[in-house]
Undergrad: 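Let me begin by handing over the structure; questions about it come next.
When a ligand or atom number is given, it counts from 1 through the structure's own listing order.
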Amino acid sequence: MRIDKLLSNMGYGSRKEVKDLLKKGNVRCDDKVVKSPQTHIDPEKSVISVFGEIVEYKEVVYLMMNKPPGYVSATEDQRDLTVVDLLEPEDAVLNPFPVGRLDKDTEGLLLITNDGKLAHQLLSPKKHVGKTYYATIEGRVTEEDIKAFQKGVTLDDDYVTQPANLNILSRGELSEIELTITEGKYHQVKRMFESVGKRVTYLKRLSMGSLMLDPDLQTGEYRELTDQELAYLQNEHIKKN
Ligand code: URA
């Protein structure tokens with residue numbers, strides 16, 4: 001495996017940042033300075049260090065999926081097919097899991113990884129990572145709804161939601177909206193609209209923090225994150241603190 005890919009995967013920055021670390025002589029492989037980003041190393045056999053600190057290697061996988069309806073966001077299910085069933089065997093072998101849940105009928109951006117630390121950072125309510133959804137709503141969405149969501153609405157279990165940003169794209173019998181929330185309560189978007197007397201008829205997640213759904217991915221398709229997408233996501237919690 002190339003040393004720049006390994007270090008980038010382990011959270012040392014984008015390929016460009018890692019190249020810089022290497023160029024400055026801050027990376028060692030078995031105690032020898034490595035400067036070339038193309039150097040191939042076997043992380044199981046060699047000891048890699050950055051600024052003298054040993055890099056704990058773990059094989060990681062980061063996948064962006066455009067979740068299709070009809071699949072549950074889990075690794076196993078007694079009744080339904082799961083998003084992991086859509087993975088090729090070579091991607092499933094590292095036991096990745098979906099980061100957060102989309103309902104069975106919800107489509108769109110789902111991050112699937114075996115990096116528990118990153119998953120935790122993205123899901124922790126303290127980090128306020130924004131998730132943006134596109135939805136169609138039965139009924140006319142109004143300015144009052146924008147204000148109510150901004151203030152926080154009371155859900156059916158008396159939970160009061162954090163401020164959320166509602167953007168109306170079109171109004172009518174069926175309205176189109178985009179909504180950004182920073183939490184992930186069960187059925188949150190659907191229940192927020194229920195609280196103002198409206199019903200979500202279609203729901204798709206467009207983004208999670210800096211990660212945006214690739215418009216070239218058809219529903220059911222997935223791809224690896226680019227180095228840049230991963231580096232931005234790994235910095236997400238730093239940005240928020
Ligand atoms: N809110 C919902 O109601 N459903 C989802 O799948 C995600 C957010």
Undergrad: What atoms in ligand 1 come closer than 4.0 Å to a heavy atom of K190?
TA: 3 (O)

Undergrad: Is Y186 in contact with ligand 1, taking contact as a heavy-atom separation below 4.0 Å?
TA: no

Undergrad: Mind checking whether L102 has an N or O less than 3.5 Å away from an N or O of ligand 1?
TA: no

Undergrad: I need the nearest protein heavy-atom contact for atom 4 (N) of ligand 1: residue, atom name and distance, please.
TA: D103 OD2, 2.7 Å

Undergrad: Can K24 and D20 be counted as an ion pair, charged N to O under 4.0 angstrom?
TA: yes

Undergrad: Find all atoms of ligand 1 within a distance of less than 4.0 Å from any non-hydrogen atom belonging to T106, and give their numbers and elements.
TA: 4 (N), 5 (C), 6 (O)

Undergrad: Identify whether the distance between the nearest side-chain nitrogen and carboxylate oxygen of R199 and E138 falls below 4.0 Å.
TA: yes

Undergrad: If you round to the nearest 0.5 Å, how far is CG of L206 from OH of Y133?
TA: 9.5 Å

Undergrad: State plainly whether the residues R223 and D216 are in salt-bridge range, i.e. N to O under 4.0 Å.
TA: no

Undergrad: Using 4.0 Å as the upper bound for N to carboxylate O, is an ion pair formed by K151 and E144?
TA: no

Undergrad: Taking both backbone and side-chain atoms of R191, is any N or O found less than 3.5 Å from an N or O belonging to ligand 1?
TA: no

Undergrad: When you check the gap from the basic side-chain N to the acidic O, do K190 and D103 get nearer than 4.0 Å?
TA: yes

Undergrad: Sorted by first residue and then second, give each salt bridge (charged side-chain N to carboxylate O under 4.0 Å, His left out) pair with at least one member in residues 161-180; sequence neighbours left out.
TA: E143-R171

Undergrad: Counting heavy atoms only, which part of V200 comes closer than 4.0 Å to ligand 1: side chain, backbone, both or neither?
TA: neither

Undergrad: Please determine if Y133 has a nitrogen or oxygen closer than 3.5 Å to a nitrogen or oxygen of ligand 1.
TA: no

Undergrad: Among all protein heavy atoms in this structure, tell me which lies nearest to atom 1 (N) of ligand 1, with the distance rounded to 0.1 Å.
TA: V189 N, 3.0 Å

